[in-house]
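Since the structure comes first, as structure tokens, the remarks are kept for the end.
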Amino acid sequence: MSTEQKTPAPASPKKSLPLPAVIAVLVVAVVAVLYVFVWPMISGGGGDEMAGIPPATAPVPATPEANSPATPPTAATPGTPPSPTGAVAPSPGTVPPSTTAPAAPGAKPAPQPGSAITLSPKAGEIVVEGTIKKLSPSDGGFVMQVTGITLPGQGPITLSPPREKTVVPNSPAAITQGGQPAKLGALKTGARVSAVGPNKGKGTTLRARQIQL
């Protein structure tokens, strides 16, 4: 019996990866390592430094003044009428600032109608003060209710009860109002008046050289 000697089959050569493939694998591995380990460290460290810097804000375009709504006037206090210009009127009880120019040094203020007795009686004269009760168109005089008198060298004397006295101006120029000459038409019933003239006694007509309203 013949024996056949089996020749062993030749070993197949080992397959190796081509060089370009190896390089590609290495590149992918390096990128993966950088992405997994290095990138979190870089992004995390930089975030703390930038945390305190506010993000940039886009500039807001300016609004034209012509299109901006008008500002409404400030609301006034209830019960206070608004002024014509739209400004708020002062609250009740508030004294508005004076717009009158100050008087020159040494200037005397002009007397006001109905002021206190400023007439000075001469010797033999009397000053009467009170209100006009009724007018006498025939002689340009009036009947007054006298509430006080002043005699030469004496202070004002109050009459209680008041007395009636007929007063007639001795000339049209005798009547003054507020320190200025006045006409007979300035005499009104109920007006405050003072007059000075000769003292002829109680119940007589006073011929006044000056009548002051």
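Please read these numbers as outputs of a predicted model, since none were measured by experiment. This chain uses plain numbering: 1 for the first residue, then up along the sequence.
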Open item on the list: Would a single hydrophobic cluster contain both V143 and L135, if residues Ile, Leu, Val, Met, Phe, Trp and Tyr are joined by side-chain heavy-atom contacts under 4.5 Å?
Closed with: no
TODO: State plainly whether one hydrophobic cluster holds both I132 and I126, where clusters connect Ile, Leu, Val, Met, Phe, Trp and Tyr through side-chain heavy atoms under 4.5 angstrom apart.
DONE: yes
Task: CG-OG1 distance between D139 and T166, expressed to the nearest 0.5 angstrom - done: 8.5 Å
TODO: To the nearest 0.5 angstrom, please state how far the NZ atom of K183 sits from the CD atom of Q177.
DONE: 12.5 Å
Task: Distance in Å, S136 OG paired with L187 CG, rounded so as to fall on 0.5 Å steps - done: 10.5 Å
Open item on the list: Using every non-hydrogen atom in the two residues, find where Q210 and T176 come nearest and quote the distance to one decimal.
Closed with: NE2-OG1, 4.0 Å
Task: Same cluster (ILVMFWY, side-chain, under 4.5 Å), V28 and I23 - done: no
Task: Donor-acceptor pair, side chain of K122 and main chain of G197, under 3.5 angstrom - done: no
Open item on the list: Show the nearest heavy-atom pair for residues L151 and E125, with the distance to one decimal.
Closed with: CD2-O, 4.3 Å
Task: Residue pair T204 / G201: nearest heavy atoms and the distance that separates them - done: OG1-O, 2.7 Å
- [ ] State plainly whether one hydrophobic cluster holds both F142 and L159, where clusters connect Ile, Leu, Val, Met, Phe, Trp and Tyr through side-chain heavy atoms under 4.5 angstrom apart.
- [x] yes
- [ ] To the nearest 0.5 angstrom, please state how far the CD1 atom of I149 sits from the NZ atom of K202.
- [x] 9.5 Å
Task: Pairwise distance OG(S171) to CZ(R209) - rounded to 0.5 angstrom - done: 11.0 Å
- [ ] Would you name the heavy atoms of L184 and P169 that are closest together and state the gap between them?
- [x] CD2-CG, 4.3 Å
TODO: Might you point out which heavy atoms bring L206 and P198 nearest each other, and give the distance in Å?
DONE: CD1-O, 3.2 Å
TODO: Assess whether side chain to side chain contact (heavy atoms under 4.5 Å, CB included) is satisfied between T131 and R192, documenting all intermediate values.
DONE: CA-CA 5 Å; T131 56; R192 191 75 178 169; 3.8 Å; yes
Task: Value rounded to 0.5 Å, distance of CG in L213 from CD in Q180 - done: 13.0 Å
Task: Evaluation steps, side chain to side chain contact (heavy atoms under 4.5 Å, CB included), between E164 and M144 - done: CA-CA 6 Å; E164 289 188 358; M144 64 179 296; over 6 Å; no
Open item on the list: A quick test of your reading: do over 12 heavy atoms of other residues, nucleotides or ligands sit less than 6.0 Å from CZ of R207?
Closed with: no
TODO: Over all heavy atoms of both residues, which pair between P156 and T150 is shortest? Give the atoms and the distance, please.
DONE: CA-OG1, 3.7 Å
